[in-house]
Each structure stands twice: as C-alpha cells, then as structure tokens.
Amino acid sequence: MSFTAPKGSYDILPPDSSTFLAVRDALSRPARLAGYEYIETPIFEDTGLFARGVGESTEVVSKEMYTFDDKGGRSLTLRPEGTAGVMRAVIEHKLYAGQLPVKLWYAGPNFRYERPQAGRYRHFTQVGAEAVGVDDPMLDAEVVALAWDGYRTLGLRGFRLLLTSLGDETCRPPYRALLQSFLSNLDLDADTRRRAEINPLRVLDDKRPQVRAQLDGAPVMVDHLCSECAEHYDGVRTGLAAIGVEWEETPQLVRGLDYYMRTTFEFVHSGLGAQSAIGGGGRYDGLSAAIGGPDLTGIGWALGVDRTLLALRAEGVAVPAGPRVQVYGVPLGTTAAARLFALTAALRAAGVPADMAYGSRGLKGAMKAADRSGAAYAVVLGDRDIEAGTAQLKDLRSGDQVAVPLDALIATIQEKLT
RNA sequence: GUGGGUGUAGCUCAGCUGGUUAGAGCACCGGGUUGUGAUCCCGGGUGUCGCGGGUUCAAGUCCCGUCACUCACCCCA
C-alpha cells in the first residue's frame with residue numbers, strides 16, 4: 001500500500017519551494033508597506049458563512065465546497081476563498097469599531113472540489129488583502145495598485161489588468177432585467193438558459209463561439225451605471241491613472257462570487273493555459289450585512305500563488321531565492337567532526353548560514369556535499385590541522401585554500417562574506 | 001459533471017509492423033586520489049514496463065477493464 005497526494009493537490013518541494021516562499025512574500029510586500037496588517041483565520045468555517053457570504057447561486061458554493069460534519073454535528077467547510085472568513089473575523093471582533101479602514105492581508109490554502117487542470121487545483125494558495133469600512137474610490141485604486149506592484153516587483157511583465165464596474169443595488173437590478181430580456185431572445189442551450197436565470201452576467205463571459213457570436217450588442221453594465229456608481233468608477237480610474245497603473249476596460253468581466261459590486265478587476269496572464277486569471281478582486285459592500293454584520297463596505301483581492309508561479313515560469317523569470325548555506329564543514333575523522341560540529345553551531349549563532357557533512361562519507365564525498373550545498377566556503381578540518389591549531393578554509397569558487405587559525409576562523413569567514 | 005491524451009529507472013524519454021538478457025542522457029553510488037568538490041577517466045541499473053484480465057508458442061508492444069496523471073469544456077485564483 002502506498003499513498004500519493006490527493007487528486008488536485010501537490011507537494012511543493014525543494015528547490016522550487018524557496019520560490020514559492022519568495023512569491024508569497026513578494027505578493028504581500030506592497031500591502032505590508034501600505035499599512036496592511038497580517039490576519040490569520042481558520043481554514044474551516046461554518047458552512048453557512050460561505051453559503052450566505054459567497055452566495056448560494058455560485059458554482060463555488062453549489063458544487064465545489066469541501067463540507068463535512070464534525071463530531072459535534074456542526075457543518076463545517078474548508079474555505080473556498082479568503083474574504084468571507086476575514087470579514088467574519090472583522091465583525092466578530094468588532095475591528096470596525098476602531099479607526100477605518102481596517103487593512104488586512106493574509107496568505108494560505110483554499111479548497112475547491114473542481115476537476116484539476118493546468119493552473120487549477122483543489123488545494124491552492126492565495127495571498128489576499130482587504131480594506132474594510134471606507135467607501136473611497138481612491139482606496140479602490142490603492143488596493144488594485146498593491147496587486148499591480150506585487151506582480152511588477154516579482155519581475156512579471158506579461159500580465160494585464162482587466163477592470164469594470166458591476167454597479168450597485170440601485171442600478172444593477174434594472175440592468176439585470178434588461179440583460180435577461182436580451183438573452184431570452186437568443187438561441188441558447190438549457191444549461192446556459194438556466195445560468196441566464198440565476199446569474200445572467202456570467203453568460204456574457206461564455207467562451208464558446210456559438211454563444212459569443214450572439215452576444216454582439218448585448219447591454220453591458222458600465223453603460224447603465226447610476227450616477228453614484230459612475231462617479232465612483234471615474235474616481236477609481238482617476239486614481240489608477242495618477243499612479244501609472246494601466247488597465248483595460250472589460251465590461252464583460254464577471255467574478256465567480258456573488259458579493260462583488262462596483263469596482264471589479266482581474267489580473268490575467270496568457271502563459272497558463274486555459275486558466276488565465278492570476279488574481280482578482282473587487283468591492284463587496286454588501287458582504288458584511290449578508291453575513292449578519294453591520295453595514296460595512298470593503299474592497300480587496302486574492303492573488304493565486306500557484307498561478308503566479310506558472311506565469312513566472314512561462315515568462316522565464318527567475319525569482320531570487322532566500323540565502324542558502326554559505327559555509328560547509330568537511331571533517332576528517334571523529335575528533336575533527338566533533339570540533340566542526342561546535343564550530344558550525346558557532347557560525348550559525350554568528351548569523352552565518354552553515355552546514356557540515358554528517359556520517360562517514362569520506363573526504364571526497366564530503367567535499368562533493370560541500371559543492372552541492374551551494375556554499376561559498378568549505379572548512380576542512382583534520383587531526384593534522386587541529387595539531388597546528390588551524391583549519392583549511394577553501395574558496396569553493398576559485399579553489400584557493402588557506403590555513404586560518406581556529407580562533408580567528410569565524411571572524412575571517414564573516415569578513416570574507418561581506 | 002463531460003470529452004481528448006499519456007502511463008517504461010529518481011528525472012526526461014527511446015523501445016520499428018509482438019520475438020527471447022528492457023535501453024539512453026541526466027541524476028545518484030563507488031573507485032582513480034585512505035587530505036580535497038566542481039572538470040576528467042573507470043565501474044555500478046537503482047525497474048511490479050501503472051494495475052488486473054484476455055489473445056498468442058511468445059506481450060513493454062495487441063484487446064478489454066480499471067486506476068493515476070494530464071489537457072480542454074465547465075468553473076475560477
């Protein structure tokens with residue numbers, strides 16, 4: 001009997017795992033620099049939170065949730081997205097009672113029961129940011145810009161920002177009715193007809209040519225915004241333009257979660273196969289009230305770490321990984337090994353990433369291990385050296401080797417590494 | 001949920017219309033050098049040919065089933 005990672009999940013292994021960490025760090029850095037503070041919420045929540053927050057009509061809730069009963073009979077669900085849990089925490093702990101906006105960022109796994117394919121997993125990792133409690137179009141622009149900066153600083157270039165406004169409770173219902181009457185005159189299959197009933201906006205995003213062909217001239221939300229929404233949207237665009245963020249007006253942009261309204265955006269990349277979105281978000285002013293909280297506005301995004309990695313690979317961008325070991329100890333014999341063991345610990349205590357050869361590999365094997373470790377220097381120590389009170393310090397790049405007094409070794413190494 | 005593709009060594013793959021001991025490159029291990037890596041030379045195959053059944057004198061190769069992976073539809077980060 002042997003086991004493999006469950007369908008749709010995968011292991012993040014070295015050496016790629018360091019890139020994974022670096023991407024997660026880089027995507028969240030702009031938010032951290034902008035006053036967003038870290039929040040960590042449970043990976044499972046009350047099933048009702050997602051049903052009401054994300055929306056019963058969404059595919060995510062209706063067929064993609066990992067739901068189970070715990071031993072106490074509670075219905076819990078592995079989170080399919082991050083915003084609902086964060087909003088729940090904001091409400092539960094009354095974070096909105098302090099200064100607004102409440103700015104939060106988070107990172108972690110999410111779960112959706114979907115058929116896996118390139119860039120789509122059942123267990124996927126997102127970095128998220130949310131700004132709650134202030135309805136200012138400039139805040140929308142800030143949030144969008146934070147994601148933009150994250151991708152840019154990673155070295156990603158081939159991504160595009162799609163932007164639109166979904167209107168609000170004033171202008172969306174009449175538009176929705178208008179769209180539904182337009183769609184009712186089209187030749188659509190039963191499945192799509194049902195979708196037109198539940199969420200007609202989503203039909204606009206259909207990729208199939210036979211559907212696309214009929215969508216010319218379909219009414220779009222941005223042409224039917226109420227004056228408040230239109231003004232808000234103008235403010236967002238003015239803000240983005242002011243800081244050099246480039247976007248593409250995309251009226252047919254639709255998000256999969258019901259809570260989005262007004263500002264809505266998606267970052268797409270062409271290098272991932274069929275799954276083009278590497279991040280997305282928008283304004284969710286109705287979410288708090290929908291899950292029993294006060295009337296709180298909010299705007300945020302979630303960026304897919306897995307998909308960003310695919311995009312980086314597609315562009316051939318190398319992400320600088322964290323520091324590897326700098327010094328590697330090569331002992332000859334047990335006496336020397338004991339001395340090197342203590343020396344290695346002292347190097348680490350002095351802040352120098354260090355490792356050494358364990359087990360009886362022999363000198364050749366230990367040197368090989370030193371080479372593979374990526375270390376800049378090897379410290380070779382044998383009985384002969386101990387007698388002389390020195391260690392052999394070898395520069396693994398040049399091959400130069402010098403004898404250094406043992407009591408000056410750490411200082412010498414620190415000096416060479418700076 | 002629906003459809004297509006692929007399963008041979010740790011990895012990437014070769015193995016022609018079935019034919020006898022299953023291969024290559026890389027990686028890995030050992031030696032050349034019991035005090036020196038990366039380079040070089042020599043040696044080592046580390047394998048349930050995904051799994052089960054069938055056809056055949058003979059199956060990695062053909063057929064059926066099954067599982068896994070993968071790509072796309074759908075959906076979405």
Side-chain angles (χ1 to χ4, degrees), chain A residues 2-10 13 27 54 58-64 79-83 107-128 147 159 189 191-192 195 199 202-203 205-211 253-257 265-269 272-281 300-311 328 330-333 336 357 360-386 391-401 403:
Chain A
S2 66
F3 298 100
T4 56
K7 191 181 188 72
S9 69
Y10 64 101
L13 306 170
L27 289 180
V54 176
T58 61
E59 298 266 333
V60 168
V61 168
S62 61
K63 38 191 211 193
E64 296 178 355
R79 65 182 180 209
E81 59 91 50
T83 304
N110 296 277
F111 307 85
R112 290 182 200 171
Y113 189 83
E114 299 185 270
R115 193 74 175 263
Q117 70 185 72
R120 188 173 77 184
Y121 310 100
R122 291 180 174 180
H123 173 153
F124 58 100
T125 302
Q126 291 183 330
V127 171
F159 66 90
D189 59 279
D191 223 39
T192 309
R195 219 147 40 103
N199 190 341
R202 224 170 283 157
V203 179
D205 204 24
D206 204 303
K207 284 183 211 163
R208 292 168 297 179
Q210 69 271 25
V211 177
L253 179 64
V254 175
R255 319 248 60 246
L257 314 180
F265 55 93
E266 189 165 293
F267 291 88
V268 296
H269 194 282
L272 325 187
Q275 310 301 321
S276 58
I278 55 175
W301 44 244
L303 313 182
V305 175
D306 321 73
R307 290 190 180 176
T308 300
L309 278 163
L310 291 176
Y328 200 94
V330 176
L332 286 116
S360 48
R361 294 201 66 185
L363 179 63
K364 188 187 179 83
M367 282 304 296
K368 196 173 269 202
D371 185 50
R372 284 174 195 158
S373 74
Y377 293 95
V379 174
V380 181
L381 192 70
D383 294 339
R384 203 193 289 166
D385 306 297
I386 294 175
Q392 302 297 324
L393 182 60
K394 179 163 190 173
D395 183 328
L396 289 171
R397 225 175 292 269
S398 67
D400 298 337
Q401 181 170 310

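The figures that follow rest on heavy atoms only: side chains count, while hydrogens, waters and symmetry mates do not. Just so it is clear: chains get the letters A, B, ... in the order the sequence lines come, proteins before strands, and each one is counted from 1.
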The contact string for nucleotides 29-40 of chain B, one letter per nucleotide 5' to 3', using protein heavy atoms under 4.0 Å with B, S and - for base, sugar-phosphate only and none, comes out as S--B--BBBS--
Please enumerate all protein N or O atoms sitting under 3.5 Å from an N or O of nucleotides 69-71 of chain B, with distances to 0.1 Å.
{"unit_1": "C69(B)", "atom_1": "OP2", "unit_2": "K7(A)", "atom_2": "NZ", "d": "3.2"}
{"unit_1": "C71(B)", "atom_1": "OP2", "unit_2": "A118(A)", "atom_2": "N", "d": "2.9"}

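Not counting sequence neighbours, the partners of K63(A) by the side chain to side chain donor-acceptor pair (under 3.5 Å) test are E59(A). F111(A) is linked by a ring-ring contact (aromatic ring centres under 6.0 Å, His included) to H123(A), counting only residues two or more places apart in sequence or in another chain. Contacts of E266(A) classified as salt bridge (charged side-chain N to carboxylate O under 4.0 Å, His left out), with partners at least two apart in sequence or in another chain: R255(A). Under the side-chain contact (heavy atoms from CB on, under 4.5 Å) criterion, A302(A) pairs with Q126(A), sequence neighbours left out. L363(A) pairs by the side-chain contact (heavy atoms from CB on, under 4.5 Å) definition with V330(A), L332(A), M367(A), V380(A), not counting sequence neighbours. Every side-chain contact (heavy atoms from CB on, under 4.5 Å) that S276(A) has, sequence neighbours left out, goes to V268(A). The side-chain contact (heavy atoms from CB on, under 4.5 Å) test applied to A403(A) returns T390(A), Q392(A), not counting sequence neighbours.
The closest side-chain heavy-atom distance from E81(A) to V60(A) is not below 4.5 Å. With a 4.5 Å cut-off on side-chain heavy atoms, Y377(A) and D395(A) count as touching.
Using atom P as the reference point in both U6(B) and U61(B), the two lie 15 Å apart (nearest Å). Comparing G44(B) with G23(B), their C1' atoms are spaced 16 Å from each other, to the whole Å. The same atom, P, is picked in C49(B) and in U8(B); the two are 11 Å apart, to the nearest Å. Taking the P atoms as reference points, U17(B) lies 29 Å from G3(B), given to the whole Å. Separation of the P atoms belonging to G50(B) and G7(B) is 8 Å when rounded to the nearest angstrom. C16(B) sits 46 Å from U33(B) when the C1' atoms are compared, rounded to a whole Å. Rounded to a whole angstrom, the distance from the C1' atom of U12(B) to that of U2(B) is 32 Å. Taking atom P in both G60(B) and G37(B), the straight-line distance is 43 Å, to the nearest Å.
If you measure from atom OH of Y113(A) to atom C1' of G1(B), you get 10 Å, rounded to the nearest angstrom. Rounded to whole angstrom, the span from the CZ atom of R112(A) across to the P atom of C75(B) amounts to 13 Å.
Applying the salt bridge (Lys or Arg N to Asp or Glu O under 4.0 Å) test to residues at least two apart or on different chains, the pairs with a partner in residues 107-121 of chain A are E114(A)-R120(A).
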Nucleotide pairing, RNA chain B (Watson-Crick or G-U, distances under 3.5 Å), in dot-bracket with [ ] and |: (((((((..((((.....[...))))((((((.......))))).)...(((((..]....))))))))))))....
Distance-only donor-acceptor pairs under 3.5 Å for side chains of residues 304-311 of chain A, two or more places apart:
{"unit_1": "D306(A)", "atom_1": "OD1", "unit_2": "T125(A)", "atom_2": "N", "d": "2.8"}
{"unit_1": "D306(A)", "atom_1": "OD2", "unit_2": "Y10(A)", "atom_2": "OH", "d": "2.6"}
{"unit_1": "R307(A)", "atom_1": "NE", "unit_2": "G119(A)", "atom_2": "O", "d": "2.6"}
{"unit_1": "R307(A)", "atom_1": "NH1", "unit_2": "A277(A)", "atom_2": "O", "d": "3.0"}
{"unit_1": "R307(A)", "atom_1": "NH2", "unit_2": "G119(A)", "atom_2": "O", "d": "3.2"}
{"unit_1": "R307(A)", "atom_1": "NH2", "unit_2": "Q275(A)", "atom_2": "OE1", "d": "3.3"}
{"unit_1": "T308(A)", "atom_1": "OG1", "unit_2": "G304(A)", "atom_2": "O", "d": "2.6"}

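With hydrogens and angles left out, the side chain of R120(A) and the base of C75(B) share a donor-acceptor pair within 3.5 Å.
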